[in-house]
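Side-chain atoms are counted along with the backbone in the values below, which use heavy atoms only and exclude waters and symmetry mates. Since we're looking at a predicted model, the values are computed, not measured.
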Amino acid sequence: YEGQTYVYTGGYDGRIQSFLPDFRTVRWEVRADELMNGLSILNHILFAASADRKVRALNTHTGETILEIKKASEDDLN
C-alpha cells in the first residue's frame, strides 16, 4: 500500500468507505449505528467518530475494526 492513494468517506447513513481515487471502485465499507462526524488518519489507522458516541479505529487497508470505544463522550462526537 506504500505509495498508493485512497479516499475515505463517512456519511449521514453511518457508512465509512474506502475508495480508489476514481471514486467508483470501493475497496471496503463498514457501517456505524449513526452518522459519521469525523475521520482522521494516523499511520495506517483510520479513526472515525460518530453520533452514536463511539470512536472506531479501523485498519485502512482492510476496514477491519482494531478498536472500538463505546460512549467515548456523553454527547455526540464531532
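With R15 contributing its side chain and G10 its backbone, the two residues share no donor-acceptor pair below 3.5 Å.
At least one side-chain heavy atom of T5 sits under 4.5 Å from a side-chain heavy atom of P21. Inter-residue side-chain proximity for R56 and L67 is flagged as unmet; no heavy-atom pair is nearer than 4.5 Å. You'll find the side chain of D33 reaches within 4.5 Å of the side chain of K54, heavy atoms only. The closest side-chain heavy-atom distance from V7 to F23 is below 4.5 Å. In this structure the side chain of I16 never reaches within 4.5 angstrom of the side chain of E29, judged on heavy atoms.
To the nearest 0.5 angstrom, T25 atom OG1 is 9.0 Å from F19 atom CZ. In this structure, L46 CG and L58 CG are separated by 5.0 Å, a value rounded to the nearest 0.5 Å. If you take CD on Q17 and OG1 on T9, they are separated by 4.5 Å, rounding to the nearest 0.5 Å. The CG atom of L42 sits 10.5 Å away from atom OG1 of T60, with the distance rounded to the nearest 0.5 Å. For the atom pair NE2 (H44) and CG (N59), the distance works out to 9.0 Å, reported to the nearest 0.5 Å.
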Under the criterion side chain to side chain contact (heavy atoms under 4.5 Å, CB included), I'd like the reasoning laid out for E34 against R53: C-alpha separation, chi angles, the key distance, then a yes or no.
CA-CA 9 Å; E34 300 270 343; R53 298 184 289 165; over 6 Å; no
Go through the steps for Y8 and I41 under the test side chain to side chain contact (heavy atoms under 4.5 Å, CB included), then give the verdict.
CA-CA 9 Å; Y8 300 91; I41 295 176; 3.4 Å; yes
Tell me, with the steps shown, if I45 and I66 meet side chain to side chain contact (heavy atoms under 4.5 Å, CB included).
CA-CA 8 Å; I45 300 172; I66 299 167; 4.1 Å; yes
Derivation of the side chain to side chain contact (heavy atoms under 4.5 Å, CB included) call for R31 and D13:
CA-CA 8 Å; R31 188 174 294 271; D13 59 1; 3.9 Å; yes
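The cluster map of Ile, Leu, Val, Met, Phe, Trp and Tyr, joined by side-chain heavy atoms under 4.5 Å apart, puts L39 and Y6 in the same cluster. No single ILVMFWY cluster, assembled from side-chain heavy atoms under 4.5 Å apart, contains both V26 and V30.
A salt bridge is defined here as a Lys NZ or Arg NE, NH1 or NH2 lying under 4.0 Å from an Asp or Glu carboxylate O, and K70 with D52 fails to meet this definition.
Considering only residues two or more places apart in sequence or on other chains, D22 meets the salt bridge (charged side-chain N to carboxylate O under 4.0 Å, His left out) condition with none of them.
Between A49 and M36 the shortest heavy-atom distance is O-CE, 3.5 Å. Minimum interatomic distance between F47 and A57 (heavy atoms only, all atoms of both residues): CE2-CB, 3.9 Å.
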